[in-house]
Amino acid sequence: MKQFSLWCDFVEDSFLDNEFVELLYSKINGATSNPLILKNVILTPAYKSKIANLRGKKSKEIYENIAMSDICKAADRLAYNFEKGNDGFISLEIDPRLYNNASLSIGEAKRLHSAMGRQNIMMKIPATETSYEVMYELMKSGISVNATLIFSGEQNKKCFEALNEGLRAFRKAQAYSKAKEPQAVISVFVSRLDRILNERVSEPNQIGVLNAKLAYNYIMAQNEPNIRALFASTGVKGDDLPKDFYIRELYLERALNTAPLDAIRAFNGECEFKATLSDEELQKKLNKLVSKELLDETCNYLIDGALKNFCFEFDDLLAKLSS
């Protein structure tokens, strides 16, 4: 059965009570968050009373209390989808400053997941060399994972291997139980590649799409239904493209797309599945537009920049919460 899933890349308390519910009936069946999204909502006037009620706690405790409250509300809104096997996941990312420490990352992910107590919450883990061990351990423990910040084919492959090994270990340990299997998504970032390379290529807004399709092909070829490709960073900046451009360009069988609100609002749901091209065809198109050296260099630049930015924004949030 062909199925495409659209997730919402946004959470906020009042939104979850209103428009989010409407979207669940019409367009979406999952959601994601990241430290920057949570920072931007927590620092709005709507959250002042929540922060005030937590005064006396450390800034990270304040953040975790508020973030977990919103994530749990989203998880409860999505519970019906989850129980029916129609996705129904929401993601919470661990402290981005832990990306180079596997043991602390594992400990935090398990602590937060246990505190929230909902199976349809994915722990979001950045795809660094250190973090593949984290992905393995969480899947082995039955915790669903959103592997994030994937730009390169190498990251994509290593994520799948770690997640799959963890899933196999879970299945082996739980062979005679009825425990629900964990699921995983590999979040391949799209538009950031285009925005940085558009001025250097003959066909703009294609590098990210082709790169994402290669990642999708690899994941699909492994034939593991519990690990799927999720297209992230699918927002459009400026007015040169339709807001739902990346939803339509990557409308693929069994794929997921987590999109910002303006893209979801623009998407009317009427779209035909895109034809899948072979790796050879995709690579040929990609090679015509960009050299492997430039693409690799750009992927490395983007992952490094994203990690540093999330760490900076998280530190800034904690500083503001403590003041």
Side-chain angles (χ1 to χ4, degrees), residues 7-24 28 30-79 82 88-99 101 104-126 134 138 143-146 148-149 187 232 235 258-261 264 306-323:
W7 291 6
C8 176
D9 195 24
F10 182 69
V11 292
E12 190 270 341
D13 190 22
S14 62
F15 166 74
L16 292 171
D17 288 330
N18 296 286
E19 187 178 2
F20 185 76
V21 178
E22 296 172 13
L23 291 173
L24 273 175
I28 67 171
T32 52
S33 71
N34 65 47
L36 184 55
I37 288 172
L38 291 168
K39 175 191 176 183
N40 288 339
V41 300
I42 288 171
L43 295 180
T44 61
Y47 281 71
K48 278 188 175 180
S49 62
K50 295 176 183 286
I51 295 171
N53 291 336
L54 293 165
R55 284 296 176 212
K57 295 184 179 292
K58 293 180 180 179
S59 57
K60 188 171 176 179
E61 288 181 275
I62 296 173
Y63 162 76
E64 287 182 353
N65 270 271
I66 295 173
M68 287 195 293
S69 175
D70 281 1
I71 296 300
C72 285
K73 178 181 278 193
D76 292 342
R77 295 279 185 268
L78 290 159
F82 180 70
F89 286 100
I90 172 70
S91 305
L92 176 63
E93 191 159 344
I94 62 171
D95 185 333
R97 302 170 300 178
L98 302 180
Y99 70 87
N101 191 313
L104 289 181
S105 293
I106 292 167
E108 173 152 303
K110 288 185 174 181
R111 173 178 63 82
L112 293 173
H113 196 267
S114 175
M116 291 182 286
R118 289 158 175 81
Q119 280 190 304
N120 62 329
I121 295 176
M122 287 181 159
M123 298 312 300
K124 203 171 185 182
I125 309 295
V134 183
L138 295 181
I143 297 173
S144 294
V145 174
N146 180 336
T148 190
L149 294 179
S187 296
T258 185
L261 274 176
I264 292 172
L307 288 167
K308 287 178 179 177
N309 182 59
F310 276 158
C311 290
F312 171 82
E313 296 290 355
F314 198 75
D315 277 331
D316 185 58
L317 170 61
L318 297 188
K320 286 181 168 65
L321 288 176
S322 66
S323 63

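These numbers come from a predicted model, not from an experiment.
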Participant: Which atoms form the tightest heavy-atom contact between C311 and P96, and what is the distance?
Facilitator: SG-O, 3.6 Å
Participant: Applying side chain to side chain contact (heavy atoms under 4.5 Å, CB included), run through C8 and L261 and close with a yes or a no.
Facilitator: CA-CA 7 Å; C8 176; L261 274 176; 4.0 Å; yes
Participant: In chain order, what residues pass the side-chain hydrogen bond (donor to acceptor under 3.5 Å, both in side chains) check against R97, with sequence neighbours excluded?
Facilitator: D95, D315
Participant: Which heavy atom in L138 sits nearest to a heavy atom in I106, and how many Å separate them?
Facilitator: CD2-O, 4.5 Å
Participant: Can you confirm whether more than 12 heavy atoms, excluding those of K58, are under 6.0 Å from its NZ atom?
Facilitator: no
Participant: Got a second to check how far I90's CD1 is from R118's CZ, nearest 0.5 Å?
Facilitator: 12.0 Å
Participant: Contact between I62 and I66 at the side-chain level, heavy atoms closer than 4.5 Å - yes or no?
Facilitator: yes
Participant: Nearest 0.5 angstrom please: E12 CD to I42 CD1, how far?
Facilitator: 10.5 Å
Participant: So, do L54 and E61 sit near enough that their side-chain heavy atoms are less than 4.5 Å apart?
Facilitator: no
Participant: Is there side-chain contact between I37 and D9, with at least one heavy-atom pair below 4.5 Å?
Facilitator: yes
Participant: Looking at every heavy atom in both V41 and T44, which two are closest together, and how far apart are they?
Facilitator: O-OG1, 2.6 Å
Participant: Please name the pair of heavy atoms, one in I121 and one in H113, separated by the smallest distance, quoted to 0.1 Å.
Facilitator: O-NE2, 3.1 Å
Participant: Looking at OG1 of T32 and CD1 of I71, how far apart are the two atoms once the value is rounded to the nearest 0.5 Å?
Facilitator: 9.0 Å
Participant: Flag yes if more than 12 heavy atoms outside K73 fall under 6.0 Å of its NZ atom; otherwise flag no.
Facilitator: yes
Participant: Listing request: all side-chain hydrogen bond (donor to acceptor under 3.5 Å, both in side chains) pairs with a residue in residues 62-71, at least two apart in sequence or in separate chains.
Facilitator: Y47-D70, E64-R111
Participant: First locate atom CD1 of I94, then atom CG of L104, and finally report the distance between them rounded to the nearest 0.5 Å.
Facilitator: 9.5 Å
Participant: N40 versus F10: any side-chain heavy-atom pair under 4.5 Å?
Facilitator: no
Participant: Distance alone, cut at 3.5 Å: any donor-acceptor contact between the side chains of S91 and E93?
Facilitator: no
Participant: According to the interplanar angle, ranging from 0 to 90°, do the rings of F82 and F89 count as parallel (below 30°), tilted (30 to 60°) or perpendicular (above 60°)?
Facilitator: perpendicular
Participant: Using the rule side chain to side chain donor-acceptor pair (under 3.5 Å), only one of T148, N146, T258 pairs with S187; which is it?
Facilitator: N146
Participant: State, to 0.1 Å, how close N120 and A75 come at their nearest heavy-atom pair, and which atoms those are.
Facilitator: ND2-O, 2.8 Å
Participant: Just to verify, what does D316 make a side-chain hydrogen bond (donor to acceptor under 3.5 Å, both in side chains) with, not counting sequence neighbours?
Facilitator: K39, K320
Participant: P126 versus L307: any side-chain heavy-atom pair under 4.5 Å?
Facilitator: yes
Participant: Once you round to the nearest 0.5 Å, how far does CG of N53 lie from NZ of K48?
Facilitator: 14.0 Å
Participant: Hey, are the side chains of L78 and F20 touching, using non-hydrogen atoms and a 4.5 Å cut-off?
Facilitator: yes
